[in-house]
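Inspection log for the structure reproduced underneath, given as structure tokens.
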Number of protein chains: 2
Amino acid sequence: MSASRDEIHILEDDPLVAGTVARALEEYGFATRWFRTAGELLAAAARHPPPLVVVDLGLPDRDGMDVVRELHQTADCGVLILTGRDIVSDRVLGLELGADDYVVKPFEPRELVARIRSILRRRAHPATGGAAHRVAVFEDWRYDPGSFTLIAGDGAEEILGAAEARLLLCFLEKPNRVLSREQLAGTADLAPFDRSIDVRVSRLRKRLNDDSQSPHLIKTVYGAGYVLSVGVRWETG
Amino acid sequence: MSASRDEIHILEDDPLVAGTVARALEEYGFATRWFRTAGELLAAAARHPPPLVVVDLGLPDRDGMDVVRELHQTADCGVLILTGRDIVSDRVLGLELGADDYVVKPFEPRELVARIRSILRRRAHPATGGAAHRVAVFEDWRYDPGSFTLIAGDGAEEILGAAEARLLLCFLEKPNRVLSREQLAGTADLAPFDRSIDVRVSRLRKRLNDDSQSPHLIKTVYGAGYVLSVGVRWETG
DNA sequence: CATCGCCGATACGATTCGTTACATTGCGCC
DNA sequence: GGCGCAATGTAACGAATCGTATCGGCGATG
């Protein structure tokens, strides 16, 4: 019962399709509940709005578009249209009526789940537009690329400058890979004897307490570039 | 000029495709701006985030997925991937990285516009919808943006001026994020050597008893802007 | 009209960053 | 190993960025 709060509602008259959708979602950890008619769904959604409704447009008792419109007005829940009607005007109409997405059958389960997750994420964090607040964790360091904040193991916080922040983010996005100076600078045309990257790396090393004689974090690859040689885990939330 | 606030940014290396997309959007009343390389787009978005970016994945200078990830982390704007790569794993990855939608070429202009409108609508709604009386609580401060009233921990109340109030609200709405001077000023075109934001920040710091030598609330990000480094809770009622 | 508070502009000192110069290291060759 | 050349590390310096004291304009207020 209270679990019904997180149930994704499926409105679909064909039991076969409904089963396929339900199985796809449940395989990825979602709880589902099947409604055969628009009336039942709207009644349930009015009493207890689900986080998301997957709507088929070809219904026996009522036009699916009406359902989308009414859901958007009464219940405050995500709406994903999943239908065989592959007509541009339908897509436009559905989206204009407030649907969050429009997927055409036959659908790919993984993509459907990704789109549903995207909708749920945005609805859960409206302030950030669903931007997951990600923090990189490596060794005993933590780095928040949103606020350029580097946190040491003892909890000491430091704000990096823009240049150092971009450099560190470059490394953290592609750890254990050799990165050329062009990649680290973020521009294709570096002056042939530009040493600014080297200096930035030197300063970043100092900030990370990395001895440049025998670095264990940022290692030099002679003639190629640099590597961040450490496992990086991205924490969300 | 000030209209640039609503410009949709298009990241696309092929001028032909970029022109097609731009014309489609402009026909429906959107202002657009074209970027040929990821570097240019990211630089512009960091200074003044557009409401939405349309990203092509096949870029010369950088992987499009990296752009999506970085946009999602640093700028706070909508992202729509528009690409020829019709691979399920790409779609899933793009959506997981924070893209709001994924459209495959060749695209139908009307549908593209409908999807863009849907994204913009969702992003605009939570901000404007609630006219509720909100109060921000951070550290031992409380701030009422409706009456420009700042209340200290000991109960002392102060009325902020209009400029300081706008600035503080800016910070409180996006805490723990680096905000550029353009964002804090609320305009896209700041004079290159305009110091007014710095002065406003300095005054706001003084009012919040924040020592600028080692600030714990509003921290300076050299070369980028400022960040409010504290948790903010919004009380309603 | 005088006063007051708020705000933006300016100027000057303080801080950080990119550049340069030099020391050091790595690699190939004999 | 010894030598030469190219690549890298970084201290030091000048340039860019930032903090804020100060001043003047402007509207509100008495």
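Just so we're clear, the structure is a prediction, and the values are computed from it rather than from any experiment. Chain identifiers are assigned alphabetically (A, B, ...) following the order of the sequence lines, protein sequences preceding nucleic acid strands; residue numbering begins at 1 within each chain.
Note: CG (B/Leu184) to P (C/dC7) measures 15 Å, nearest angstrom. Taking atom CZ on B/Arg207 and atom C1' on C/dC7, their separation rounds to 12 Å, with Å as the unit. When rounded to the nearest whole Å, the span between CG of B/Leu217 and C1' of D/dG19 equals 17 Å. If you take CG of A/Leu168 and P of C/dC17, they are 14 Å apart, rounded to a whole angstrom. The distance from atom CZ of A/Phe148 to atom C1' of C/dT16 is 15 Å, rounded to the nearest whole Å. Distance, A/Ile218 CD1 to D/dT10 P: 11 Å, rounded to whole Å. One atom, NZ of B/Lys219, and another, P of C/dT16, lie 14 Å apart when rounded to the nearest Å. Whole-Å rounding puts the A/Asp211 CG to D/dT10 C1' distance at 13 Å.
Remark: B/Ser212 is not in phosphate contact with D/dG19, judged by side-chain N or O atoms under 4.0 Å from OP1 or OP2. Note on B/Ser202: every side-chain N or O is 4.0 Å or more away from OP1 and OP2 of D/dG19. At least one side-chain nitrogen or oxygen of B/Tyr226 sits closer than 4.0 Å to the OP1 or OP2 atom of D/dG19. Phosphate contact (OP1/OP2 of D/dT8, side-chain N/O of A/Arg181, threshold under 4.0 Å): present. Phosphate contact (OP1/OP2 of D/dA11, side-chain N/O of A/Lys206, threshold under 4.0 Å): present.
A salt bridge does not link B/Asp86 with B/Lys105: none of the charged nitrogens is closer than 4.0 Å to a carboxylate oxygen. Between A/Arg115 and B/Asp101 there is a salt bridge, since at least one side-chain N of the basic residue sits less than 4.0 Å from a carboxylate O of the acidic one. Look at B/Asp76 and B/Lys174 and you find a salt bridge, because one of the NZ, NE, NH1 or NH2 atoms lies within 4.0 Å of a carboxylate O, short of that distance. Under 4.0 Å is where a charged nitrogen must lie from a carboxylate oxygen, and between B/Arg117 and A/Glu96 at least one such pair does.
Counting distance only, with no hydrogens placed and no angle test, the side-chain atoms of A/Arg200 and the base atoms of C/dG18 include no donor-acceptor pair under 3.5 Å. A donor-acceptor contact under 3.5 Å links the side chain of B/Arg203 to the base of C/dG8. For D/dG19, its base never sits under 3.5 Å from the side chain of B/Arg205 at any donor and acceptor pair.
Put simply, the side chain of A/Arg91 never gets that close to the backbone of B/Ala114: no donor and acceptor are under 3.5 Å apart.
Nearest-nucleotide mapping onto DNA chain C: of A/Gln213 and B/Ala162, the residue sitting toward the 5' end is B/Ala162. Of the two residues contacting DNA chain C, namely A/Leu160 and A/Phe193, the nearest-nucleotide position lying further toward the 5' end is that of A/Leu160.
In the set D/dG9, D/dT20, C/dC17, D/dT20 carries the atom at the smallest distance from any side-chain atom of B/Asp198. The side chain of A/Tyr222 has D/dA7 as its nearest neighbour among D/dA7, D/dC18, C/dA21.
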